[in-house]
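What follows is a short report on a single structure.
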Amino acid sequence: MRTSVILLITLFTSLTLSAQDFAGQWHGVLKVQGTQLRVVFNVTASDTVYSATMDSPDQGVNGIPVTKTTLDNAIVKFEITNAQIEYNGELKDHEIIGTFKQGGLEFPMNLSRSAIEKEIQRRPQEPKEPFPYHSENIVFKNEADNITLAGTFTYPKEGSNFPAVILISGSGAQDRNSEIMNHKPFLVISDYLTKNGIAVLRVDDRGIGESKGNHNETGLDGFVSDTKSAVNYLKSRNEVDGLKIGLIGHSLGGLIAPIVASESTDVSFMVLLAAPGIRGDKLMLLQKEMIERKMGISEAELALSQKNMKGAYDIILNSNGYKEELQTNLKNYFTKVFGVLLPESEIDALSQQLTIPWLTDFIKFDPNTSLSKTKCAVLALNGTNDFQIPAQVNLSAIEKILKENGNNDIETFQLEGLNHLFQESETGLPNEYATIEETFSPKVLKIMSDWILSRTN
C-alpha cells in the first residue's frame, strides 16, 4: 500500500511539472519559401487546462486566439480554426519538436523557451554605401493617372550625357530594389551598370514604398503608363542622353517593356530578362506543369491539374471585363471542380486572386501584340533552370515574332544553370531562391552592360 502511494505522488508531481513546463512563451521561426516569420505561442495553465494566444511579430499581429490548446503525454497541439492553422509537436527537454500546418501545407518548426533570432542570410553581392557614384532618391508624377511615383536615380560621378535605363519589376508588388527573399536584384543590377557608365532609374511599384496608388487595383495599362512617366522623367535629367534611353524588364516587366517600346519613339533599346513570349494563360499552364513535374507529381495528377486550371483560364479569356461577375463565375467553377476538397475560404481567395486586374490582363495578353510593333534593338536572356518562364519556348517565340516583323536587331542568350532570378542554381525551383547566396549572375551583368554600351557608344 505504501508503494502505491509513492507511485501516485510521483505521478501527480510529474503532471504538475509538465503543466509548469508547458505554460509560458514558446518561440519559433517559420520558414516558408525563403521567408522567415517569427511565431510566439503564449500558453497559460489552470491545473491541466490550457489556453493560448499566438503572436506573429514580423507581421505586426499579436494576441491571435488559439481555438484549442492541448498537452497529452508530452504531445502538444495548437489549433486556430478560422485561419486553418494547426501545430503538432512533442515536448522534449524544454523544447517542442513539431510541424506547423496551414491550408494543407506543412513546415517543420521547433519551439523553444528563448526568443529565436532569424538566420542572417548572406548576400555578398549587395552593395553598401558610400557608393562611388551619385545616388538620388527622387519623386516624379504620372500625369495621366495623377499619382506620384518614387525611386532612386543613380549616375556616374564623372562625365555627362549618359545612356540610361529604367528597371521594370516582375509580377507582384515590388519595391525599387525588387526585393525578394532578402535578395535585392535591382540594387545589384543598378550598382553594376552605374559603375560601368550607365545611369539607372529604379522605382517603387504603385502602392509600395513611397509610391502612391494601389497595385492590386491596377491593370497592365497602368504599369505601362508608369513606365512612360519614368521615361519622361529621364528625358528631363541633364545627365541623360535623351536619345539613349532603354528599358530592362524582368518577368512581367519583360511584358511591359515591349508595350512601352512599341508605343514610344523615346525607347532606343530594350533588355528582356526572362520575358514572356507566349500568351499568359498558356505560359501559366506550362509553368505549372514544369514545376509540378520537377516536384515529382504523377502524370495523372498533372493532367487533372492542367485540366482544372485551363477551365478557369478559359472563363477569364471569355470574360466581359466585369470583375464581380468574373469572380462569381470562377467561384462557381472552383466549387464544382474541387467540391469539399477545398474549404470555401480557399475557393474565395483563389477566385479573388485571379480577378486582380493586372493578373487578368496578363492571362489574356499575347506578347505578339507589342513585340510585332517593336523596332528598337533587343537583348533577350533566360536561364535553362527557369521553370516560371521556361527559356526555350519563350526566347524562340520572342525572336520569331521580332524577325517576322522586320526587326533583326535582336540577340538571345540561353544561360546554362540559371533560374528565374538569374542565380546559379541546382534545381531551379522557387523554394531554392532564398538558399542561394548569389543574387544575380555576374555573367549576365557583364552581358547586359557590354551590350548596352555597344548600342550607345
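No hydrogens or angles considered: a donor-acceptor pair under 3.5 Å links the side chains of Glu136 and Tyr155. Side-chain contact check for Gln84 and Ser345: at least one donor-acceptor pair (N or O, by modelled atom type) lies under 3.5 Å. Residues Thr152 and Arg176 have side chains that bring a donor and an acceptor to within less than 3.5 angstrom of each other. With no hydrogens or angles considered, a side-chain donor-acceptor pair links Tyr133 and Asp191 at under 3.5 Å. For Asn161 and Lys244, the side-chain atoms include no donor-acceptor pair closer than 3.5 Å.
Side chain of Asp241 to main chain of Phe162: no donor-acceptor pair is present (N/O by atom type, distance under 3.5 Å, no hydrogens or angles). With hydrogens and angles ignored, the 3.5 Å screen pairs a side-chain donor or acceptor of Ser425 with a backbone N or O of Gly417. With hydrogens and angles disregarded, a donor-acceptor distance shorter than 3.5 Å links the side chain of Asn196 to the backbone of Tyr192.
The residues Lys184 and Asp175 are annotated as not salt-bridged, no charged nitrogen and carboxylate oxygen being separated by less than 4.0 angstrom. Remark: Arg38 does not engage Glu117 in a salt bridge, criterion side-chain N to carboxylate O under 4.0 Å. Between Glu411 and Arg455, at least one side-chain N (NZ, or NE/NH1/NH2) sits under 4.0 Å from a carboxylate O, which counts as a salt bridge.
The shortest distance between side-chain heavy atoms of Leu220 and Leu252 falls below 4.5 Å.
Closest of all the heavy-atom pairs between Val165 and Leu193 is CG2-CD1, 4.0 Å.
Aromatic ring centroids of Phe440 and Phe422 lie under 6.0 Å apart.
Counting non-hydrogen atoms of other residues, nucleotides and ligands closer than 6.0 Å to NZ of Lys446 gives a total of 12 or fewer. No more than 12 heavy-atom neighbours from other residues, nucleotides or ligands sit within 6.0 angstrom of CD on Glu210.
Shown are Glu126, Arg202, His183; of these, the side-chain hydrogen bond (donor to acceptor under 3.5 Å, both in side chains) with Asn177 is made only by Arg202.
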